[in-house]
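I have placed the structure first, in the form of structure tokens, so that the comments after it can refer back to it.
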Amino acid sequence: MKEYKHFINGQYVTSQSGKTFENRCPVDNSLLGIIHEAGEAEVDAAVKAAKAALKGPWSQLTQAQRTTLLNRVADRINERFDEFLQAECLDTGKPHSIASHIDIPRGAANFKAFSETLANHPTESFRLDTPDGKGAANVGHRTPKGVIAVISPWNLPLLLMTWKVGPAMACGNTVVVKPSEETPATTTLLGDVMNECGVPPGVFNVVHGFGANSAGEFLTTHPLVDAITFTGETSTGEAIMKAASVGLRNISMECGGKNPAIVFADCDLDKAIEGTMRSAFVNCGQVCLGTERVYVERPIYDKFVKRLKKGVEQLKLGRPEDEAANFGPLVSLEHREKVFSYYKLAVTEGATVEIGGGIPDMGRELNDGAWIEPTIWTGLADDSRVVREEIFGPCCHIRPFDSEEEVVELANDTNYGLAATIWSENSARGIRVAEQMETGLIWINSWFLRDLRTAFGGAKQSGIGREGGVHGLEFYTELKNICIKL
Ligand code: NAD
């Protein structure tokens, strides 16, 4: 049985308290291993190691040397691809066919993309006139922010964690990561990769545990943490913001969404169906950018519902290693309980269940897993909870619309503002509607097409700040202005 230990100052360690909890596989609820739960002592040790490492050999590296080191980390993840793949799929239950194309390659690429982007970013400089006529020069100078606490979720564990650790390290910071209690494996494995690549001890640290009154809270309230980057639920973000307010620590928040897809009658229907199938059902619907509200222009509404249903019928549920499978279980039985409660609520709220709505019979070997049926509803009121709240499961509600003005209003009628998808062959309309979306990310005729140099983040209650490309610089560095009197 596996044991997931903390990774502190370059070494795997257990908790002083001896406290552990179970890691179970959502495919069949089998026991994968035990996870050591960090108490205040382990979190303190990890943060202090990260603080000390800021003054060690890590700080002596040039930007170019750091880039080389981080490229090596990316290469090593790819060399150990199968181990990462196996670990990620056991923790999450997701199909190999998906994790091998998204989670692991992107998890590695995050170390390359940022170091190269940041290395080529200029700093600002202004000449100022002064009364003596000699002037002054202002030069912007960036230094690492310090110790960054990284709090990450379970839906894309390696990818979303390295999305933060990559730029944090590229900017010269040190990190303490608290991965989700559901998915400890790949973050733990990354410690070994850091050692293999020669990353100095204390630069990358991992503590395991839960949120409130556990490792997450101990880390975000630790006074030596200089900034906190978080991905997860909006309500957790609120708790972390409160913690960060003590000592005025900076935060970066990537939170929940209730993302709309807008399908105009002039779309390429094949592409719109293919894209909506992915955006609603890939990763069992557990993607923050995923679509849970679909608005379809009335002339093609019936056809769209019929074709999306057909797409769902063709999804193949199965074990991660089943090459034909493209649909796995939810991440845990606890999360299934939440998602299933919305399935029941949809019926109470008057939905027509077009397809799904239940728990599938997966046979004796898999029936203890967190399986759930992919589901489509129609007929719900715009103010129903199922249409307004983030479910984070493989489900969507489809509703017809009659005009551009109406659909813009419907799409924006939410507290969230993460992503929107627009399907139309009329580019002018696509752009016009995109500009009116109150979201941080908009795709026209695609979904999840990501260029890592672009800004990523949400509006409204979907987040604070932008990461990606050079945008993370504001968060991961301290910009100092040096004014030189000439
Ligand atoms: P979650 O908020 O329950 O947990 C995320 C992390 O926060 C976990 O590591 C958890 O242990 C920790 N945590 C919980 N309470 C804490 C506290 N009080 N103090 C410190 N840490 C605490 O989220 P989840 O269920 O793991 O992930 C699903 C959510 O993440 C969804 O809402 C989804 O939309 C969101 N998400 C957003 C993005 C994005 O980029 N915007 C990406 C992926 C997921």
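Side chains are part of it too, since the values below use all heavy atoms of this structure and drop only hydrogens, waters and symmetry mates. Note that ligands are numbered from 1 as they come in the structure, with each ligand's atoms numbered from 1 the same way.
- Shortest non-hydrogen contact noted between Cys255 and Phe230 is SG-CE2, 3.9 Å.
- In summary, the atoms of ligand 1 found under 4.0 Å from a heavy atom of Ile240, numbered by their order in the structure, are 19 (N), 20 (C), 21 (N).
- Under 4.0 angstrom from ligand 1, there are no non-hydrogen atoms of Leu156.
- Summary of contacts: the protein heavy atom closest to atom 27 (O) of ligand 1 is Pro153 CB, 3.4 Å.
- Against a heavy-atom cut-off of under 4.0 Å, Asn155 is close to the following atoms of ligand 1: 43 (C), 44 (C).
- The aromatic rings of Phe21 and Phe210 sit tilted, their planes meeting at an angle between 30° and 60°.
- Atoms of ligand 1 lying under 4.0 Å from any heavy atom of Ser180, numbered from 1 in the order shown and given with element: 9 (O).
- Close approach of ligand 1 to Phe456 is summarised as follows: ligand atoms under 4.0 Å from at least one heavy atom of the residue are 40 (O).
- Counting heavy atoms under 4.0 Å from ligand 1, residue Thr234 does not touch it at all.
- In this structure, the protein non-hydrogen atom closest to atom 18 (N) of ligand 1 is Ala212 N, 3.7 Å.
- Atom 7 (O) of ligand 1 has Ile151 CG2, 3.2 Å as its closest protein atom, hydrogens excluded (heavy atom only).
- Within the listing of ligand 1, atoms 1 (P), 2 (O), 3 (O), 7 (O), 13 (N), 14 (C), 15 (N), 16 (C), 22 (C) sit less than 4.0 angstrom from a heavy atom of Thr236.
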Item checked: Steps toward side chain to side chain donor-acceptor pair (under 3.5 Å) verdict (Thr378, Glu354) -> CA-CA 7 Å; Thr378 55; Glu354 297 287 347; 2.6 Å; yes
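- A salt bridge links Lys51 with Asp226: at least one charged nitrogen is closer than 4.0 Å to a carboxylate oxygen.
- Counting heavy atoms under 4.0 Å from ligand 1, residue Ser152 touches it through the backbone alone.
- Interface atoms of ligand 1 facing Lys178, defined by a heavy-atom separation under 4.0 Å, are 8 (C), 9 (O), 10 (C), 11 (O).
- Contacts with ligand 1 closer than 4.0 Å are made by no heavy atom of Leu219, backbone or side chain.
- Using a cutoff of 4.0 Å between basic side-chain nitrogens and carboxylate oxygens, Glu390 and Lys258 are not scored as salt-bridged.
- Ser245 and Arg249 are not linked by any side-chain donor-acceptor pair at a separation below 3.5 angstrom, with hydrogens and angles left out of the test.
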Notebook entry, point to check: Where do His397 and Ser384 land on the side chain to side chain donor-acceptor pair (under 3.5 Å) test, with the steps shown first?
Noted result: CA-CA 11 Å; His397 176 252; Ser384 64; over 6 Å; no
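- With a 4.0 Å heavy-atom cut-off, ligand 1 is reached by no atom of Leu289.
- For atom 31 (C) of ligand 1, the closest non-hydrogen atom of the protein is Glu390 OE1, 3.5 Å.
- The protein non-hydrogen atom at the shortest distance from atom 21 (N) of ligand 1 is Gly216 CA, 3.6 Å.
- Of all protein heavy atoms, the one closest to atom 28 (C) of ligand 1 is Phe392 CE2, 3.6 Å.
- A distance-only check finds no donor-acceptor pair linking the side chain of Thr276 to the backbone of Ile273 [under 3.5 Å].
- A salt bridge does not link Glu238 with Lys242: none of the charged nitrogens is closer than 4.0 Å to a carboxylate oxygen.
- Counting heavy atoms closer than 4.0 Å to ligand 1, residue Cys255 contributes backbone atoms (N, CA, C, O) but none from C-beta onward.
- Between Glu274 and Lys271 no salt bridge is recorded (no basic side-chain N to carboxylate O distance below 4.0 Å).
- For Phe401 and Tyr295, the distance between ring centers is not under 6.0 angstrom.
- Between the side chain of Glu88 and the backbone N or O of Leu85 there is no donor-acceptor pair closer than 3.5 Å.
- Residue Ser214 does not touch ligand 1, judged by heavy-atom distances below 4.0 Å.
- A salt bridge does not link Arg142 with Glu478: none of the charged nitrogens is closer than 4.0 Å to a carboxylate oxygen.
- Proximity to Pro179 (heavy-atom distance under 4.0 Å) selects the following atoms of ligand 1: 9 (O).
- In this structure, the protein non-hydrogen atom closest to atom 36 (N) of ligand 1 is Cys288 CB, 3.5 Å.
- The presence of a protein heavy atom under 4.0 Å from atom 4 (O) of ligand 1 is ruled out.
- For ligand 1 and Phe230, the ligand atoms under 4.0 Å from any heavy atom of the residue are 2 (O), 5 (C), 6 (C), 7 (O).
- Aromatic ring orientation, Trp163 versus Phe114: perpendicular (interplanar angle above 60°, classes split at 30° and 60°).
- Regarding atom 23 (O) of ligand 1, its nearest protein heavy-atom neighbour is Glu233 N, 3.4 Å.
- Residue contacts with ligand 1 for His335 are absent, since no atom lies close enough (heavy atoms, distance under 4.0 Å).
- A salt bridge links Asp103 with Lys94: the closest approach of a Lys/Arg side-chain nitrogen to an acidic carboxylate oxygen falls below 4.0 angstrom.
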